[in-house]
Amino acid sequence: MYPEELVAPMSRELTSNGFHEIKTSTEAEEIIKNNKGTLLVMVNSVCGCAAGTARPGVIASLKNEKKPEKLVTVFAGVDKEATDKARSFMLPYPPSSPSIALFKDGELVHMIERHHIEGRPAQVIAQHLEKVYDHFC
């Protein structure tokens, strides 16, 4: 597990842009399973090579006219139970950090895994998400 002082700025990058941070498995289950409408779940990560572009990409995507109704995040390597529970709703996709999942009415409708994020600039990630929002939101 990573120390809080290391991950706090990475968490704030999302929470200061409208994301609710999920800290428990119970909260993760309630929010994801019972959500009506669209919900974006960002599995945050310390990884600089992928998370360093994923967070800005997700934030930039929210300027799109259509966007998810609710935004939440879990932090891999910090909130283990919450992350594990969120990932259980992302099956059959294997755990990856960072990753971005879009749910509609409690069902997974789009998944962006780490290998879709690595090596791509934030703007490319944002453009991909904007197309996803236009289709599902």
Side-chain angles (χ1 to χ4, degrees):
M1 296 308 227
Y2 295 104
E4 181 62 32
E5 58 275 2
L6 173 70
V7 301
M10 297 170 213
S11 291
R12 267 194 311 275
E13 190 172 358
L14 293 175
T15 58
S16 66
N17 283 284
F19 281 79
H20 169 73
E21 194 168 32
I22 298 174
K23 301 294 242 172
T24 69
S25 62
T26 301
E27 186 180 17
E29 181 161 11
E30 288 174 8
I31 289 173
I32 297 170
K33 186 177 183 180
N34 299 321
N35 189 67
K36 299 295 179 211
T38 52
L39 168 71
L40 189 71
V41 179
M42 167 81 186
V43 178
N44 204 350
S45 171
V46 171
C47 170
C49 62
T53 59
R55 287 187 299 271
V58 167
I59 292 164
S61 76
L62 299 175
K63 294 176 184 163
N64 195 48
E65 184 178 323
K66 290 184 176 184
K67 56 189 167 197
E69 296 164 276
K70 189 179 261 185
L71 310 168
V72 298
T73 182
V74 293
F75 209 119
V78 177
D79 300 310
K80 183 177 179 0
E81 289 90 17
T83 302
D84 288 348
K85 181 52 76 174
R87 284 177 170 160
S88 74
F89 290 97
M90 298 173 193
L91 293 172
Y93 296 96
S96 80
S97 319
S99 60
I100 306 160
L102 182 68
F103 293 86
K104 187 167 187 173
D105 297 328
E107 297 295 323
L108 180 66
V109 294
H110 192 79
M111 184 73 184
I112 300 174
E113 299 173 86
R114 178 189 175 103
H115 68 90
H116 297 121
I117 296 168
E118 286 179 308
R120 290 176 177 81
Q123 191 56 39
V124 170
I125 296 164
Q127 289 169 346
H128 176 97
L129 285 167
E130 289 165 2
K131 288 177 184 173
V132 171
Y133 301 160
D134 287 343
H135 182 76
F136 290 107
C137 296

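From M111, atom CE reaches atom OG of S99 across 4.0 Å, with rounding to the nearest 0.5 Å. Atom CZ of F19 sits about 12.0 Å away from atom OG of S11, to the nearest 0.5 Å. Between the CD atom in E30 and the CG atom in N35 there is a gap of 12.0 Å [rounded to 0.5 Å].
The heavy-atom pair separating P98 from A54 by the smallest distance is CG-CB, 4.0 Å. Between E27 and E21, the closest heavy-atom pair is OE1-O, 4.2 Å. Between E69 and K36, the shortest heavy-atom distance links the atoms OE1-O, 4.3 Å. Scanning both residues, N17 and E13, for their nearest heavy atoms gives ND2-O, 2.7 Å. Scanning all heavy atoms of the two residues, the minimum distance from T38 to P68 falls at OG1-CA, 3.3 Å.
Counting only residues at least two apart or on different chains, the salt bridge (Lys or Arg N to Asp or Glu O under 4.0 Å) pairs with a member in residues 98-120 are R114-E118. The ring pair (Phe, Tyr, Trp, His ring centres under 6.0 Å) contacts involving residues 76-113 comprise H110-H128, where partners must be two or more places apart or lie in separate chains.
Side-chain contact check for I31 versus H20: some heavy-atom pair is nearer than 4.5 Å. A heavy-atom distance below 4.5 Å is found between the side chains of I22 and V74. Looking at heavy atoms from C-beta onward, E65 lies out of side-chain contact with D134 at the 4.5 angstrom threshold.
Listed for the N44 side chain is a donor-acceptor partner under 3.5 Å among the backbone atoms of M10.
When the side chains of ILVMFWY residues are joined at heavy-atom separations under 4.5 Å, either directly or via intervening members, I112 and Y133 end up in a single hydrophobic cluster. Note: the hydrophobic cluster containing V124 does not contain M42 (ILVMFWY, side chain heavy atoms under 4.5 Å, direct or indirect links). Using a 4.5 Å cut-off between side-chain heavy atoms of Ile, Leu, Val, Met, Phe, Trp and Tyr, with links allowed through other members, L62 and L102 fall into the same hydrophobic cluster. In the hydrophobic clustering of this structure, L14 groups with L71; members are Ile, Leu, Val, Met, Phe, Trp, Tyr whose side-chain heavy atoms approach within less than 4.5 Å, directly or through other members. By the criterion of side-chain heavy atoms lying less than 4.5 angstrom apart, applied directly or through intervening Ile, Leu, Val, Met, Phe, Trp or Tyr residues, V72 is not grouped with L40; the two fall into different hydrophobic clusters.
Taking A76 as the reference, V43, T83, R87, S97 meet the side-chain contact (heavy atoms from CB on, under 4.5 Å) condition, with sequence neighbours excluded. With sequence neighbours excluded, no residue forms a side-chain hydrogen bond (donor to acceptor under 3.5 Å, both in side chains) with S25. A search for ring-ring contact (aromatic ring centres under 6.0 Å, His included) contacts involving H116 returns nothing, not counting sequence neighbours. Under the side-chain contact (heavy atoms from CB on, under 4.5 Å) criterion, E130 pairs with S61, N64, A126, Q127, sequence neighbours left out.
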- Query: side chain to side chain contact (heavy atoms under 4.5 Å, CB included) between V41 and T73: does it pass, once the steps are laid out?
  - Reply: CA-CA 5 Å; V41 179; T73 182; over 6 Å; no
- May I have the step-by-step check of side chain to side chain contact (heavy atoms under 4.5 Å, CB included) for I117 and T53, ending in yes or no? CA-CA 8 Å; I117 296 168; T53 59; 3.9 Å; yes
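Neither side chain, E81 nor T24, offers a donor N or O lying under 3.5 Å from an acceptor on the other.
Annotation for K23: atom NZ counts as buried by contact number, over 12 foreign heavy atoms lying within 6.0 Å.
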